[in-house]
Amino acid sequence: GGLPELRLLGLRCADRPLDLHPAFTPSHYVYTSRLDYSDGSFSVDATAAAGAEVTNADALRGATLVQAGGKAQAVVHVTEKASNKTMKYTVSVKRLDGKDVRLKELILQRATISPVFSPDVLKYQVTLPAAVDVLRLRIVPWDVGQRVQVLSFESDADFAATEQTPPPTLAPSPPVESAHLTAQDTTSAGPSTRTTSTAGRLTATTTTSAPAASTTAGVVACFDEDIYFGPNPNMAGQAKSLETSASKCQQRCAEAPGCAFFTWWPEDGGGHLQDTSATAGPARPGVVAGPAACQAPCYARDVYYGPGPDMQGQEKTTEKSAGECQARCAATSGCAHFTFWPDGGCHLQDNFASMVAAAQATLAGPAECGAGPGGR
């Protein structure tokens, strides 16, 4: 027969999948991967093909520590039971050092950017159509655990003045609005970016270390980007599969008993299924997640109902999912809105609350989907 092979190969940091390069195929034996600066270790999940076994599976499941800026290697030993033939799969993992200040992506909606974006180019000319007076930025930093600051200026002279002073100490920054520019950064991480806008012209200069994707608050569509359902990689009885699209992954979820949510990782085509106990959390750009079947959207993400944390007579509870938090609201007299936070925190509000942009991957919505305002 041929050489022994793996059926599946994946890397993870805690319970979050890591990307393999190239995408896994059984006949390819050498791979690379990357750890963000905020990730200190990785583990390997390997499943042998029929008639073979991974002889060092226990050692691979343990966490391999990687120093900041350092490298580590994992070797998977696969042995064919009948012939005792052995094959090795090698994965080299590099951890970022936290010093990179480049952007991975800079996306501007309804605008033309010149030159074409490159992580090594720091200044750009942006052209807006005459009918557009709002510029929306999507910033995808190179690493995570860093901060983004977006500043707007009414003139080149104002911007030039800031070039003569050291950049400020960064903190999570609220949305910036001006006559010509509206930029939003609703995360607490990402490289510092200084911007100027004069009647449609933008200049961006990276000034300090940082990364993490910025997002814009909005209604969760059936397929949502840059989130995943966890915290575990898969629900009980299910394992990672390789799918060619998010739709294929959703179809698999719809056919799997008990599956409520899917997550599709485009880098390697990894498909992960979750039941109703899963919660949504932020993921790297491009990851697609959603329910087993598309329904009318009801929840909004990256917002909360406030200004106070809870309506009168109610306190924070810890729930397993946004659905359970919503059910608590539906069962509470006077509750009109709920907010579900990444730590499981569930907060209820009455009709006096208003929607506010959040700096975390929250989910918020009404007491019942499809119900009008007013609460119960």
Side-chain angles (χ1 to χ4, degrees), residues 14-16 172 184 186-189 212-233 235 253 258-263 272-283 287-371 373-376:
D15 292 318
R16 178 172 58 80
Q184 289 183 313
T186 57
T187 64
S188 59
S214 72
T215 56
T216 301
V219 175
V220 176
C222 182
F223 283 13
D224 201 10
E225 295 185 351
D226 306 346
I227 71 167
Y228 80 105
F229 285 95
N232 298 317
M235 59 186 279
C253 180
C259 182
F261 308 105
F262 74 90
T263 305
H272 299 265
L273 306 187
Q274 289 288 357
D275 55 27
T276 55
S277 66
T279 58
V287 174
V288 180
C294 289
Q295 298 175 349
C298 168
Y299 297 173
R301 71 171 183 176
D302 304 334
V303 298
Y304 70 95
Y305 282 95
D310 296 281
M311 60 186 280
Q312 186 174 3
Q314 297 295 322
E315 295 181 350
K316 171 185 174 180
T317 62
T318 300
E319 310 294 343
K320 294 181 179 179
S321 67
E324 291 190 7
C325 185
Q326 183 186 38
R328 178 187 162 219
C329 180
T332 300
S333 177
C335 182
H337 312 284
F338 75 91
T339 305
F340 181 72
W341 294 79
D343 65 353
C346 174
H347 297 268
L348 307 186
Q349 286 288 359
D350 54 26
N351 270 327
F352 294 101
S354 57
M355 186 180 288
V356 182
Q360 298 184 40
T362 56
L363 290 174
E368 295 180 354
C369 288
R376 295 178 61 85

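Since we're looking at a predicted model, the values are computed, not measured.
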SB check K320 D275 (cutoff 4.0 Å): no

Among all residues two or more places apart in sequence or in another chain, which pass the ring-ring contact (aromatic ring centres under 6.0 Å, His included) test with Y228? none

Evaluate side-chain contact (heavy atoms from CB on, under 4.5 Å) for T263 paired with V288, printing each intermediate quantity in order. CA-CA 6 Å; T263 305; V288 180; over 6 Å; no

Check: V303 main-chain N/O paired with T362 side-chain donor or acceptor under 3.5 Å: yes

Using side-chain contact (heavy atoms from CB on, under 4.5 Å), reason through D343 and K316 one step at a time and then give a plain yes or no. CA-CA 11 Å; D343 65 353; K316 171 185 174 180; 3.3 Å; yes

Please name the pair of heavy atoms, one in F261 and one in P291, separated by the smallest distance, quoted to 0.1 Å. CD2-CA, 4.1 Å

So, Q349 side chain and P307 main chain: donor-acceptor pair closer than 3.5 Å or not? no

Can you give me the closest heavy-atom contact between D350 and A336, atom names plus distance? C-CB, 3.8 Å

Would you say the side-chain atoms of T317 and E315 include a donor-acceptor pair closer than 3.5 Å? no

Could you walk me through whether H347 and Y304 pass the side-chain contact (heavy atoms from CB on, under 4.5 Å) test, one step at a time? CA-CA 9 Å; H347 297 268; Y304 70 95; over 6 Å; no

Do any N or O atoms from the side chain of H337 and from the backbone of Y305 form a donor-acceptor pair under 3.5 angstrom? no

Under the 3.5 angstrom rule, does the side chain of Q326 hit a backbone N or O of P366 as a donor-acceptor pair? yes

